[in-house]
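Chain A is the first sequence line, chain B the second, and so forth, proteins listed ahead of strands; every chain is numbered from 1.
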2 protein chains.
Amino acid sequence: MTADDLVFKALADATRRFLLDLLFVRDGRTLTELESELEMTRFGVMKHLRVLEAAGLVVARRSGREKLHFLNPVPIRLIHDRWVDKYTERRVSALADLKNQLEEMS
Amino acid sequence: MTADDLVFKALADATRRFLLDLLFVRDGRTLTELESELEMTRFGVMKHLRVLEAAGLVVARRSGREKLHFLNPVPIRLIHDRWVDKYTERRVSALADLKNQLEEMS
DNA sequence: AGAATAGGTGACTCAATAGTCACATGTCAA
DNA sequence: TTGACATGTGACTATTGAGTCACCTATTCT
């Protein structure tokens, strides 16, 4: 399993993406706090966090009996750089912004 | 299946990422040409291209009996924008560049 | 027309993954 | 020190997805 594979497999699940969304809004949350935002059992959430950690998308730090989770955006940026040409980036970025705006309007 | 899901599931497979890499280098290739770059049978490649098309990562155009495939980078940019804060983007980008350089050196 | 070429469909097998549960360890606070 | 809390492990089930194959359609070229 390559580093790439870990990242993309981690992002392939909607629950894990939602966890990243939660951490994007606010970092440093515990497993229990994250679990309370989901329908899933604690074990399911824990498994997902393990996958995200292994991929480097989430970094965790223990504090007493708690484990705090932080979002690491670097792997996401690397995905971007793999297929978005530096020279055409401005144009693509403009298109992406437009798409976002259209969706916000509807 | 949401639009998100289609994109991330499409990216979860190493063969499909390799197809994107091929199209990133040069666009407008046919199924047969792409197949020749892979160990897989034509059917396998075709399935993967269907998935990439459904996700909007690849756009195809028929020309006679051939089907030409093109890379569409917009969904990739949207992934980036989802978790990389506009304000911290410069810093993250610098880190990503550093990581790329380190890997090229080793 | 007939052969070769490019692409397409539906069913099948095998492997990987999501989610749950019983059970277990370490930490805090009264 | 006892009970409550936060996290962790291994096994299990059900679902999903990758890859192949037999068979099929459409286009080009002689």
ask   = Between B:Thr32 and C:dG7, does any side-chain N or O lie under 4.0 Å from OP1 or OP2?
value = yes
inquiry  = With a 6.0 Å cut-off (strictly less than), is the heavy-atom count around CZ of A:Arg90, excluding the residue itself, greater than 12?
reply    = no
Return the polar atom pairs (N/O with N/O) between nucleotides 14-19 of chain C and the protein under 3.5 Å, or none.
from: C:dA18; atom 1: OP1; to: A:Arg16; atom 2: NH1; distance (Å): 2.9
from: C:dA18; atom 1: OP1; to: A:Arg16; atom 2: NH2; distance (Å): 2.5
from: C:dG19; atom 1: OP2; to: A:His48; atom 2: NE2; distance (Å): 2.3
from: C:dG19; atom 1: N7; to: A:Lys47; atom 2: NZ; distance (Å): 3.0
from: C:dG19; atom 1: O6; to: A:Lys47; atom 2: NZ; distance (Å): 2.4

task = Find the distance A:Lys67:NZ to C:dT25:P and express it as a whole number of Å.
result = 19 Å
task = Please state how far atom NE2 in A:His69 lies from atom P in D:dA6, giving the value in whole angstrom units.
result = 14 Å
ask   = Quick one: B:Arg50 CZ to C:dG10 P, roughly how many Å, whole number?
value = 9 Å
ask   = Do NZ/NE/NH1/NH2 and the carboxylate oxygens of B:Arg77 and B:Asp81 come within less than 4.0 Å?
value = yes
key: Any B:Arg62 side-chain N or O less than 4.0 Å from OP1/OP2 of D:dA26   = no
request  = Round to the nearest Å and state the distance from B:Arg65 atom CZ to D:dT28 atom C1'.
outcome  = 4 Å
message = Could you tell me how far apart B:Arg42 (CZ) and D:dG19 (P) are, to the nearest whole angstrom?
response = 16 Å
remark   = Partner of A:Val58 under side-chain contact (heavy atoms from CB on, under 4.5 Å), picked from A:Leu23, A:Asp27, A:Val51, A:Asn72, is A:Leu23
remark   = A:Glu35 CD to D:dC5 C1', in whole Å, measures 12 Å
task = Check whether A:Leu38 and A:Leu49 end up in the same hydrophobic cluster, where Ile, Leu, Val, Met, Phe, Trp and Tyr are linked by side-chain heavy atoms less than 4.5 Å apart.
result = yes
inquiry  = Donor-acceptor pair, distance only, cut-off 3.5 Å: does the side chain of B:Thr2 make one with the backbone of B:Asp5?
reply    = yes
request  = Show the numbers, then the answer: is there a side-chain hydrogen bond (donor to acceptor under 3.5 Å, both in side chains) between A:His48 and A:Arg16?
outcome  = CA-CA 6 Å; A:His48 286 306; A:Arg16 287 194 286 267; 3.1 Å; yes
key: Whole-Å gap separating C1' (D:dG8) and CG (A:Leu49)   = 13 Å
query = Taking CD from B:Glu53 and P from C:dT9, how many angstroms apart are they, rounded to a whole number?
reply = 11 Å
task = Would you kindly confirm whether B:Val84 and A:Leu22 end up in one hydrophobic cluster when ILVMFWY residues are joined by side chain heavy atoms under 4.5 Å apart?
result = yes
message = Closest-nucleotide mapping onto DNA chain C: is A:Phe43 or B:Thr30 further toward the 5' terminus? I mean the 5' end.
response = B:Thr30
